[in-house]
Amino acid sequence: MRYFPIFYNLEGRKVVVVGGGEEALRKVRLLLKTNANISVIAPLLHDELASEPRVVWLAGRFAPHLLDGAALIYSAEPELNHIVSTEAKLRGIPVNVIDEADISTFITPSIVDRDPVVVAIGTEGTAPVLGQGIRARIDAMLPVGLGDLATKANALRAQVATKVPHGNRRRSFWQKFFFGPIRNASLAGDEESYSRELNIALIDEAAPSIGRVSLVGAGPGDPELLTLKAQRKLQEADVIVYDRLVSPGVLEMARRDAVRISVGKTPYEPSPKQSDINAILIREARAGKHVVRLKGGDPYVFGRGGEEQAALEASGIPVDVVPGITAALGCAAAIGLPLTQRGQNRTFTFLTGASEDGTAKHDWASLAKPGSAFAIYMGVNAAGEIAGELLAAGMAPQTEVTVVENGTLADQRVLSTSIGSLWEALQRAGVAGPAIIYVGLSHAKSSADVVPFPTREDIASDILRAAS
Ligand code: SAH
């Protein structure tokens with residue numbers, strides 16, 4: 001972004017427009033939407049402007065000192081553009097030269113005007129037709145009475161602040177105001193329904209606020225794998241308590257002014273205990289906050305969601321759960337690996353490689369049987385031990401194994417190996433991110449276009465090759 005969009009207060013400020021032609025007139029018309037004092041420097045003042053009290057004909061001829069004290073300058077007079085630009089820059093005043101971006105310091109966006117609601121659109125001059133197309137669509141989307149609705153909201157602000165408690169209640173009131181029946185009545189010009197709906201909403205939302213916690217599945221990483229419900233919860237949250245596995249891309253989807261609390265558990269580092277996390281959730285909910293407890297994948301799959309839910313319920317705090325795409329499902333889709341296939345497997349198991357006291361214990365004999373297929377979560381560190389158990393229980397060493405690290409993210413890596421070589425293959429690839437290990441699944445035989453999966457060394461040598 002070379003140009004930073006801002007909304008600039010021109011109330012009572014001097015704005016200079018140099019030029020008497022059609023372009024200059026257009027800028028003056030646009031500026032007349034503000035309360036700026038508009039000074040025109042042009043051989044003659046256009047008839048249309050002569051009777052406009054906020055337009056002053058400063059001079060017929062340009063002189064640099066005429067720019068003094070201006071908040072903005074527009075120049076639309078080809079012979080003067082360079083000097084105006086230079087003098088403006090000397091004075092530190094933002095200047096826009098019509099059709100000459102290289103001597104301008106700002107550009108004017110195209111706008112959709114529902115004053116005080118204003119949408120500004122810019123393409124930094126790269127794609128004017130695209131900009132116009134976007135403008136037209138937004139224009140069609142925003143009802144004419146929207147500005148009026150925003151003005152009414154502003155007038156109501158103090159009243160709402162005394163009646164409706166701060167936080168999710170207040171937000172819920174404004175949701176109804178801007179997107180529900182109050183808005184519809186206002187846009188339809190039906191003042192009677194407007195007052196009635198307004199009073200109903202004020203009464204409904206005035207009750208003291210009760211906090212609640214939503215356990216929300218963030219999916220494996222790619223933000224597009226969030227559910228619509230998860231996305232809405234992220235937009236409504238007052239507080240977001242999230243894990244290390246939640247990707248930055250997913251956090252981006254959250255309401256900007258939500259408080260974010262990281263409770264990431266990082267291996268080998270001091271991390272919050274589960275009881276501390278529960279205490280945070282209870283504290284925030286008791287303060288009336290809508291808390292989103294954002295967890296990687298699905299909250300109920302190896303995520304201790306059940307424990308958090310029980311602790312909250314025991315404290316009388318309402319809890320709801322939004323499922324997420326669990327890593328074993330997300331990673332499989334990301335690499336085109338079917339989890340069940342006719343003739344291959346009739347069941348599929350999700351299991352964890354780790355437990356509180358080391359490698360998890362499983363019924364290795366039944367997992368080792370032909371036709372068995374499963375995904376191991378948290379299994380990288382114990383992979384050697386797990387492979388040993390499976391081989392000892394009779395699993396064929398050539399049984400196919402696929403490992404997906406950082407699945408669905410930009411740095412996803414895939415490793416195809418066998419149970420007999422799993423440990424070695426993991427060591428060679430240096431898997432460090434979260435990874436799912438699939439055992440007993442074969443890639444669809446028809447997929448001739450399976451991409452070879454690079455190891456870290458392959459990537460490093462590619463980079464070296466590209467650099468040399
Ligand atoms: N609740 C989560 C699992 C948490 S346990 C879920 O439903 O997915 C943490 C384990 O999940 C990791 O050790 C890893 O095995 C797996 N995992 C999570 N995100 C992953 C990703 N993006 N790619 C590969 N594995 C992932």
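As the structure lists them, so they are numbered: ligands from 1, and atoms in each ligand from 1.
- Within the structure, no pair that satisfies the salt bridge (Lys or Arg N to Asp or Glu O under 4.0 Å) test touches residues 368-397, not counting sequence neighbours.
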Please output the side-chain donor-acceptor pairs of residues 139-156 that fall under 3.5 Å, not counting sequence neighbours, one pair per line with the distance.
residue : atom : partner : partner atom : Å
Asp139  : OD1  : Arg114  : NH1          : 3.2
Asp139  : OD1  : Arg114  : NH2          : 2.7
Thr151  : OG1  : Gly147  : O            : 2.9
Lys152  : NZ   : Ser186  : OG           : 2.9
Lys152  : NZ   : Glu191  : OE2          : 3.3

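- Residues that satisfy the salt bridge (charged side-chain N to carboxylate O under 4.0 Å, His left out) test with Glu424, not counting sequence neighbours, are absent from this structure.
- For ligand 1, the protein residues within 4.0 angstrom (heavy atoms only) are Pro220, Leu245, Gly296, Gly297, Asp298, Val301, Phe302, Thr326, Ala327, Cys331, Tyr377, Met378, Val404, Asn406, Gly407, Pro434, Ala435, Ile436.
- Between the CZ atom in Phe350 and the CD1 atom in Ile376 there is a gap of 13.0 Å [rounded to 0.5 Å].
- For the pair Arg157 and Trp174, the cation-pi criterion (under 6.0 Å, within 45° of the ring axis) is fulfilled.
- No side-chain donor from either of Asn345 and Thr340 sits under 3.5 Å from a side-chain acceptor of the other.
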